[in-house]
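First the structure, in the form of structure tokens, and then the observations on it.
Letters go in sequence order (proteins before strands), and every chain restarts at 1.
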Amino acid sequence: MTLVFTIIDSITKFFHSITKPLHGRPQAQYIVFGLLFSLIAWLPHLDVIKWGTMGVFAYIAIYTIVALGLNLLLGFSGLISLSTAGFIGAGALGIGVFLQLGWPFELAVIAVVLISAAIGGLIGLFSLKVDGIYLAIATLFVGEILSQIYKQVPIFGGQAIRIGSIEFLGNFELSMISQTDRSILFMIVAIIMGLFMVLMHNIVHSKTGRALLAMSRSEHAAQAMGISLMRYRLIAFMSATIFATVGGIMYAIYFQNVPTTSWGLELSLFMIAMVVVGGFKSIYGTFIGVIVIHGIPNLFLKDLFGDISYIFSGILIILVIIFYPRGFVYIGHDIKKYYYKLKEKFKRDEVTNNDN
Amino acid sequence: MDFKTLFTLLFNSLETGSGYALAALGIVLIFRTSRTTNFAQGTIGTFNAYIAASLMMRLDINIWVVAICATITAFSTGILIDTLIIRPAAKVSAISKQIITLGIIMVLVGLMPILFGIDTLQLPRFFESSQSFIIAGATLQYNTIFIIVLSLALMGLMFYFIQYTKWGLATRVTASDETTSKLMGVPTKRVTMLSWATAAIFGTLAAIFVAPRVGVNPNMLLTVQISAFFAGTLGGFSTFYGPVVGAYIIAFSRNFVQFYISDIWGNVIVYTLILVFLYFKPYGLFGKKPNKKV
């Protein structure tokens, strides 16, 4: 038993020593995290995972970006949005539409982000008047209107928009069909995820983050301290929509075939589930939430249980919320505590044994 | 504008509105007593409609008996969900509770194909569609009348219950302040349990009402569910009758706008109008602004 403890201790010590340059530099940690995640791009070439599995990982990166934005609303500002899926759709379909109109990719990105941010700003203005469940359902209205538009307006292509390939900077063309290109696309998505983690960290630790936190505790107290409700509500909703739109753009970049029908209430609820299950106010927690809600069912449960995997993910959500109401990210803390307790107990037993 | 279409639209809206109203009443009951938005309202109804349809298929009994059986299973589903899932999670935050109802949706939707197969099942009308009479040129089915009358009667009973009985009083005080009512000896746990059961029954009835038109499938109540939420916001969640009024308004305006203005954009127009309305009256038609302490 002592041997096991020594091994575990030395492993953690070793891990601690190789990550030493990153201690106290959270931004660098997120970048390294994104780079490590992007290495998954080469696993299918080595036949470690299937190409389809890489798609699941791409979804994880995309959803992480979106869920981070949502966490800014749910975790830091105490506001709820049920239109997230609509904005992912706006990013993905918007890119498709502008590319088909012949716009260069970069210009299309700017246009789509601006349009979404404007709608997000409108919701922000709306939220000054309406709150609680009324605001949640008002955003559901927005989500329903958006998904209706995607289905009905012919410019969105009816069933789906096929993009085919994307030209970066006018001459650097990447297509989903080529396997090497697909790996490069995955790396782009993963690195953007890392960058957005850094961005999130910076927002949260800036004046804006503190203002949002103050507002979520008490609007009146925040106002008394000179925090402009309107300004920060707008910032919160606009950043959340921009994060969601960027997630959508990443979807368009990686999958290059965007359906019009999958941007409804269900996806929005799943996005909220990711934040809730992973952990409010935690960046790694958000990532863990995406893994639990999207990764585990698609990577393991589907293979193990087939059709009934949906039931297992449902039960997983319920159990995690009942036992880890603050988020699954705290499980690490619990494991550590349990481990030390076990070690102490073992030491004590050993001492008493020796005495005898 | 002729009377025939007008009456057809009117009866149609009353019928769909009744379904929305029942679902909305279930949602507001749970919202007030459990402090959570029940996204699973539609799925619970659908699940019990599946039970009804498969009972009907296997045992070949008539729709009336089947509907009563479904009501009983709905009652038990509501109680099971409350005791097994909602009560252990009493202390989690409001948003987490909503996501628990998402978990319930996933479990129930996952169970449906295993228990009932993947085919769309059928449930007949309470009265054959040939049984009807004609008012001003518009056909009015007995089934439509039955649905409207039954829902109105149920809702009337419900309001009487809430307003004039001891249990109703318990429900109202639980809705207004759970901690205080617990201190006063109100059995809040039982009230919450009963409201989940009642909400499940309402959802199931809504499902049985729409089943003849859309067939029993996992998404049959999606529109009803979303419309019920919208009805709640339009009418205001702080009263029990507000959402009912909201439900009928939404059904009417959607039907009329879809018929007279645009079939495709009807929903979008109605939703935008409600959003604008909410901007000026943020707590709905009958809602009151909650007192916020600084």
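Contacts between I149(A) and chain B at a heavy-atom distance below 4.5 Å involve backbone atoms as well as side-chain atoms. Interface remark: I274(B) contributes side-chain atoms only to the contact with chain A (heavy atom separation under 4.5 Å). Only the side chain of V276(A) comes within contact range of chain B, with at least one heavy atom under 4.5 Å from a heavy atom of that chain. With a 4.5 angstrom heavy-atom cutoff, S93(B) touches chain A only via side-chain atoms. Contact annotation for F280(A): only side-chain heavy atoms (C-beta onward) come within less than 4.5 Å of a heavy atom of chain B. When heavy atoms are compared at a cutoff of 4.5 Å, T101(B) does not approach chain A at all. Only the side chain of L102(B) comes within contact range of chain A, judged by heavy atoms closer than 4.5 Å. Neither the backbone nor the side chain of L222(B) comes within contact range of chain A; no heavy atoms are under 4.5 Å apart.
The candidate with the highest count of non-hydrogen atom pairs below 4.5 Å against chain A, out of F230(B), Y271(B), F31(B), is F230(B). Residue with the most contacts toward chain A among G232(B), P88(B), S96(B), G284(B): S96(B) (heavy-atom pairs, distance under 4.5 Å). Among the candidates I137(A), L140(A), I317(A), the residue making the largest number of heavy-atom pairs closer than 4.5 Å to chain B is I137(A). Considering only heavy-atom pairs separated by less than 4.5 Å from chain A, the leading option among V268(B), I264(B), I95(B), I104(B) is I264(B). Contacts with chain A were tallied for V92(B), I105(B), T272(B), L108(B); V92(B) has the most, counting heavy-atom pairs under 4.5 Å. Of all the listed residues (I272(A), I318(A), V130(A)), the one sharing the greatest number of non-hydrogen pairs under 4.5 Å with chain B is I318(A).
With a 4.5 Å cut-off on side-chain heavy atoms, I119(A) and T241(A) do not count as touching. Proximity of I80(A) to L73(A): side-chain heavy atoms (C-beta onward) are nowhere separated by under 4.5 Å. A 4.5 Å side-chain heavy-atom check between V275(A) and L68(A) finds every atom pair outside the cut-off. Contact check for I311(A) versus M106(B): no side-chain heavy atoms found under the 4.5 Å cut-off.
Remark: the backbone N or O of Q258(B) is not paired with any side-chain donor or acceptor of S262(B) at under 3.5 angstrom. In this structure a side-chain-to-backbone donor-acceptor pair under 3.5 Å is present from R233(A) to S127(A). With S268(A) contributing its side chain and L82(A) its backbone, the two residues share a donor-acceptor pair below 3.5 Å.
Side chains of T73(B) and N48(B): a donor-acceptor N/O pair is present below 3.5 angstrom, by distance only.
Counting non-hydrogen atoms of neighbouring residues, nucleotides and ligands closer than 6.0 angstrom, the NZ atom of K189(B) reaches no more than 12 such neighbours.
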